[in-house]
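What follows is one structure encoded as structure tokens, with my remarks underneath.
Residue numbers begin at 1 in each chain, while the letters A, B, ... track the order of the sequences. What you see below is based on every heavy atom in this structure, not just the backbone, and it leaves out hydrogens, waters and symmetry mates.
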Amino acid sequence: MSTPRFYVTTAIAYPNGRPHMGHAYEAIATDVIARFKRLDGFDVRFLTGTDEHGLKIDQAARAAGKAPKAYVDEMVAPFQALDDALGISYSRFIRTTDADHKALVQALWQRMAANGDLYLGRYEGWYSVRDEAYYDEAELVTGEDGAKLSPQGTPVEWTVEESWFFRLSRYQQPLLDLYDSQPGFIQPTSRFNEMRAFVAGGLSDLSVSRTSFSWGIKVPGDERHVMYVWLDALANYLTGAGGLDGEWWPADLHVVGKDVVRFHTVYWPAFLMSAGVALPKAVFGHGFLLNRGEKMSKSLGNVVDPAEMATRFGVDRLRWFLCREVAFGDDGSYSDEAIVERTNADLANGIGNLAQRSLSMVAKNLNGMMPQRGEPGETEVRLKEAFLAGTDAYFAAMNGLALHKALDALMGMVTAANGYFAENAPWALAKTDTARMAEVLAATLDATRRIVLLAQPFIPDSTNRLLDQLGVAADARDFSALNSPVEAGLELPSPAGVFPRITIEA
RNA sequence: GGCAGCGUAGCUCAGUUGGUGAGAGCGCCGGAUUCAUAACCCGGAGGUCGGCAGUUCAAAUCUGCCCGCUGCUACCA
């Protein structure tokens, strides 16, 4: 039997500025999914990276007095560094300036052209020379003298530019059929409904090339044009899969921000249908993170650097908070206080304390030797039942991408384990019945082991250290080992707290 | 403007097809305890379930209207 595969991606980031919390959030959430799948026995490919072409980069590079490629080389570094700092277990960090990607996009274009879906036309719109950008009528503002101005207040003029078009209109019905036959294609449901309504409302053909700038991938056979950045960008998922007929395609899941759901669930499948390439199985649109309930913006001065946050709180605390406190798919809010409160409650008081209180008793009373479990009594049976239910809930939530619910289930198991411990009071048994004490400690340690195993996707570094302390062998840490307790008699290292409580400096 | 969704304890939220006295976690208060990271365990604290009206023997859960918020979409030109 071959190992099942799972190919998951984040959207690729546009590096015209510093990475922000949104990038960190998407990378972390997707990493959690990737790690979960690996632990669950899948062969996982995890793609993330940067989207480096387009007008904005071109302009920014010019403003910086640099060649576009030199400019993006500089700008991309912090994105990859952030991923590395956050423990993102990507298989490849793809850049749309990579050679194999350029070749793939051109091949994709040719397939779409061969299918008769690309034609030369004219793109008309309000164009600002100063911004080098087209604006929709609705975006324009009216100046004092009644003249039309761009949102930046620059003059615009009605401009006609030659452009290649994609026959998106041809794919309205196929897309509706896709949605109806595969409701899970767009998640969560609210996004599904929005996109279905959008497509049902009619689709116009899409301009997919530009002649007004050159920083992009050339249109095959018509080098005056560069391709529309979204066609270029979306195709990264194919490049990362190994090509048009790549071994990893189709993707099992694209994790993207809610603002780009349309590109991924309308344009992307239409492009693929046109090229005769299989479609991804699902697109999940996550929400945005708000700083104390407010949108992050430079003018509000509330933009935070995720790398700085990770340094200040610890990577695992940040990962835990984002997955636990924010319902995956909804917008979420964060603040220093909320992070401290949440992680102290769950990690320090919860998982960390559970491990520490049981391990320290083993160290002090049993010479650090893993005790033997006894015949299960009533409290052991209750503990086991709670863990079976909790584990089921955890897996159901994870497989449904309800990351926050999975952690809720996990914390329920922590509560059950702490309850079991308090109920049996091994510290009292130490004076009256050391054999029973050893059994209680053994049961608690195994409960802790299960909790920590399941917590691995979320807090990989901390759980590794905890599993070391719990005597769990390196090859007994995936989910197939859930029911394999540590052998009695094993000598455990002396315990050390993994999640010290933290306080906010006033 | 149209479509969709939301508004439940201080905070974040659960609440199947209407029916045990409205829930969980965190925070807070009290108790107990001392193995542990002033942690854990137990108990409590009472929120007009956005507002008004209606349907019903019975509504947080159905209907209408209103207020507030969000998303998608359209338009005013």
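- Where Asp346(A) and Ala327(A) meet RNA chain B, the nucleotide closest to each residue was compared, and Ala327(A) sits on the side nearer the 5' end.
- Ion pairing between a basic and an acidic side chain is recognised when a charged N comes within 4.0 Å of a carboxylate O; Arg191(A) and Glu194(A) show such pairing.
- When distances run from any side-chain atom of Lys258(A) to the nucleotides C41(B), G71(B), U37(B), the shortest one goes to G71(B).
- Between the CZ atom of Phe192(A) and the P atom of A4(B) there is a distance of 15 Å, given to the nearest Å.
- Remark: Lys364(A) is in phosphate contact with A36(B), judged by side-chain N or O atoms under 4.0 Å from OP1 or OP2.
- Across C26(B), U37(B), C35(B), the shortest atom-to-atom separation from the side chain of Arg357(A) is found for C35(B).
- Projected onto RNA chain B by closest heavy-atom contact, Ser360(A) and Arg342(A) fall at different nucleotides, the more 5' of which corresponds to Arg342(A).
- What separates CE of Met361(A) from C1' of A36(B) is a distance of 10 Å, to the nearest Å.
- Atom CG in Leu403(A) sits roughly 16 Å away from atom P in C13(B) (whole-Å rounding).
- One can place CD1 of Ile451(A) at 14 Å from P of C40(B), the figure rounded to the nearest angstrom.
- Nucleotides U33(B) and G43(B), compared at atom C1', are 14 Å apart to the nearest Å.
- By the 4.0 Å N-to-carboxylate-O rule, Arg449(A) lies close enough to Asp446(A) to be salt-bridged with it.
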Item to complete: Under the side chain to side chain donor-acceptor pair (under 3.5 Å) rule, what do Ser163(A) and Ser207(A) come out as? Steps first, then yes or no, please.
Response: CA-CA 6 Å; Ser163(A) 171; Ser207(A) 169; 2.7 Å; yes
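- Rounded to whole Å, the distance from CG on Asn349(A) to P on C35(B) is 18 Å.
- The interatomic distance linking Phe328(A) (CZ) with U12(B) (P) rounds to 21 Å, in whole Å.
- The side-chain heavy atoms of Glu161(A) and Arg210(A), taken from C-beta on, include a pair separated by under 4.5 Å.
- At the heavy-atom level, Gly201(A) lies nowhere under 4.0 Å from the strands shown.
- Proximity of a side-chain donor or acceptor of Glu491(A) to a complementary backbone N or O of Gly368(A) within less than 3.5 Å is not detected.
- Separating the CD atom of Glu194(A) from the C1' atom of G5(B) is a distance of 9 Å, rounded to the nearest angstrom.
- Between Leu359(A) atom CG and A36(B) atom P the separation is 12 Å, expressed in whole Å.
- Distances were taken from every side-chain heavy atom of Asn418(A) (C-beta onward) to each of C35(B), C26(B), C40(B); the shortest belongs to C40(B).
- Of all nucleotides listed (C41(B), A39(B), C35(B)), A39(B) comes nearest to the side chain of Asn353(A).
- On the C1' atoms, C66(B) is 28 Å away from C11(B), given to the nearest whole Å.
- Remark: Lys384(A) does not engage Glu380(A) in a salt bridge, criterion side-chain N to carboxylate O under 4.0 Å.
- When Watson-Crick and G-U wobble pairs are counted only if both distances are under 3.5 Å, U70(B) pairs with A4(B).
- When the side-chain nitrogen and oxygen atoms of Arg191(A) are compared with OP1 and OP2 of G71(B), none of them lie within a distance under 4.0 Å.
- In this structure, of G27(B), C40(B), A39(B), it is G27(B) that holds the atom nearest to the side chain of Glu341(A).
- The partner of C13(B) is G23(B), judged by Watson-Crick or G-U wobble contacts that both fall below 3.5 Å.
- Candidate nucleotides A36(B), C26(B), C35(B) were compared by shortest atom distance to the side chain of Gln356(A), and A36(B) ranks first.
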